[in-house]
Asks: 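Quick one: structure below, then a few questions.
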Number of protein chains: 2
Amino acid sequence: MERKSRQKIEIRNILSQNNFHPTIEEIHIILKKRIPGVGIATVYRNVDKMVRNGEIIRLEVPGQGARFDGNTEKHYHFRCEKCASVEDVWLDLDMEGYINSAPPLKDALINDYVIEFTGVCQQCRHSI
Amino acid sequence: MERKSRQKIEIRNILSQNNFHPTIEEIHIILKKRIPGVGIATVYRNVDKMVRNGEIIRLEVPGQGARFDGNTEKHYHFRCEKCASVEDVWLDLDMEGYINSAPPLKDALINDYVIEFTGVCQQCRHSI
DNA sequence: TTACCTGCAAACCGTTTGCCTAGCA
DNA sequence: TGCTAGGCAAACGGTTTGCAGGTAA
């Protein structure tokens, strides 16, 4: 049985912010302001559990640690190569046709797919 | 000036195999059969350089280390959640329209995008 | 009361780095 | 010969784990 700890509730609150994709470390920093003394292992354990439960999404970021997204509706992401920020991208795509026709996808059991755009965000683009 | 070492040439040979996406460790194991005593740092250094030169592509894999793909033509990947293998996926997609119209993409400078499908491959699906 | 959860610190493990030697140009 | 690349091992940094005490149900 899963219990509701104060730590878990606050982590969920942090991740429920819209278009916010913090790293474990960023979550930890914010969490410490609300619960001083909280350990980073607690963040890892809770976030891992939430990912396994499907409550949040894990975004892989090369080089740095992973980022997390509390919005589980199907959408995509853009990552800035300069400032490492991540932004939501909402596209109305239909992948089903491809999944059912293109090898090796049609012979496999496809559970999910992700699309990640990379480049330079508007902010970094204008601030040379 | 960049020199051609035996190590570098063999790593490139390994990565030029079609639909092959080894990890650093796998490259190292294969490389050791050809050049006994080669160190894993050599694999890291050469592979990093090749990625920076755009000769190969780095694929991020959650949990395990990255995988690498010697084919730089635009294509996508499917990763099996059971056996962790990666297969090429060739789709004739047109993303330009989305990139030029959907925020925040249209305000950013998009350099690239990746699509990764996940699920259970044909092999794992049939071998319960 | 009793699992589960937390904080702490050590362990882990993939990756990077420093240093010295080897070998290509 | 000069300078890049390699081998080795230590360092690094993010993540995981063991343990003892805390806490939700």
Asks: Which pairs with one or both residues in residues 33-47 of chain A pass side chain to side chain donor-acceptor pair (under 3.5 Å), sequence neighbours excluded?
Replies: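 Sorted pair list: Glu10(A)-Arg34(A).
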Asks: Suppose the criterion is side chain to side chain donor-acceptor pair (under 3.5 Å): which pairs have a residue in residues 51-63 of chain B, not counting sequence neighbours?
Replies: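 Of all non-adjacent pairs touching residues 51-63 of chain B, those that pass side chain to side chain donor-acceptor pair (under 3.5 Å) are Arg12(B)-Glu55(B), Asn53(B)-Glu55(B), Arg58(B)-Glu60(B).
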Asks: When Ile, Leu, Val, Met, Phe, Trp and Tyr are grouped by side-chain heavy atoms lying under 4.5 Å apart, directly or through other members, which residues fall in the same group as Val120(A)?
Replies: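 Answer for Val120(A): Leu109(B).
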Asks: Round to the nearest Å and state the distance from Ile24(B) atom CD1 to dC13(C) atom P.
Replies: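 Rounding to the nearest Å, CD1 of Ile24(B) and P of dC13(C) are 18 Å apart.
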Asks: Apply the hydrophobic cluster definition, ILVMFWY joined by side-chain contacts under 4.5 Å directly or through others, and give me every member besides Leu59(B).
Replies: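 Once heavy-atom contacts under 4.5 Å are chained together, Leu59(B) belongs with Ile57(B), Val86(B).
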Asks: Among residues at least two apart in sequence or on other chains, which ones pass ring-ring contact (aromatic ring centres under 6.0 Å, His included) with Phe78(A)?
Replies: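 Phe78(A): no ring-ring contact (aromatic ring centres under 6.0 Å, His included) contacts found.
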Asks: Without decimals, in angstroms, what is the distance between Glu26(B) CD and dT15(C) P?
Replies: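 Going from CD in Glu26(B) over to P in dT15(C) covers 12 Å.
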Asks: Partners of Gln17(A) by side-chain hydrogen bond (donor to acceptor under 3.5 Å, both in side chains), sequence neighbours excluded?
Replies: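 Testing Gln17(A) for side-chain hydrogen bond (donor to acceptor under 3.5 Å, both in side chains), a comparison that skips the adjacent residues, returns none.
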Asks: I'd like to check the ring-ring contact (aromatic ring centres under 6.0 Å, His included) partners of Phe68(A); sequence neighbours left out, ordered by chain and number.
Replies: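 Counting only residues at least two positions away or on another chain, Phe68(A) forms no ring-ring contact (aromatic ring centres under 6.0 Å, His included).
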Asks: What pairs meet the side chain to side chain donor-acceptor pair (under 3.5 Å) rule with one or both residues in residues 80-97 of chain B, with sequence neighbours excluded?
Replies: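 Every pair satisfying side chain to side chain donor-acceptor pair (under 3.5 Å) with a residue in residues 80-97 of chain B: Asn111(A)-Glu81(B), His21(B)-Asp88(B), His75(B)-Asp88(B), His77(B)-Asp88(B).
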Asks: Produce a footprint string for nucleotides 16-25 of chain C: one letter per nucleotide, 5' end first; B if the base is under 4.0 Å from any protein heavy atom, S if only the sugar-phosphate is, - if neither.
Replies: BBB----BBS
Asks: How sharply is the helix from dT1(C)-dA25(D) to dA25(C)-dT1(D) bent, taking the axes over five pairs at either end and rounding to 10 degrees?
Replies: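 Axis-to-axis angle, ends of the helix: 40°.
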Asks: Students often get this wrong, so: under 4.0 angstrom with heavy atoms, is Glu25(A) touching a base, only sugar-phosphate, or nothing?
Replies: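 Result for Glu25(A) = nothing.
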Asks: Under 4.0 Å from any heavy atom of chain A: name the first and the last nucleotide of DNA chain D that qualifies, 5' to 3'.
Replies: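 Footprint of chain A along DNA chain D, 5' to 3': dG14(D) to dA25(D).
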Asks: Which is it for Val89(B) and Tyr98(A) under the side chain to side chain contact (heavy atoms under 4.5 Å, CB included) test, yes or no, and what are the steps along the way?
Replies: CA-CA 10 Å; Val89(B) 176; Tyr98(A) 290 109; over 6 Å; no
Asks: Which residue pairs pass the salt bridge (Lys or Arg N to Asp or Glu O under 4.0 Å) test when at least one of the two sits in residues 15-31 of chain A, sequence neighbours left out?
Replies: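 Of all non-adjacent pairs touching residues 15-31 of chain A, those that pass salt bridge (Lys or Arg N to Asp or Glu O under 4.0 Å) are Glu26(A)-Arg67(A).
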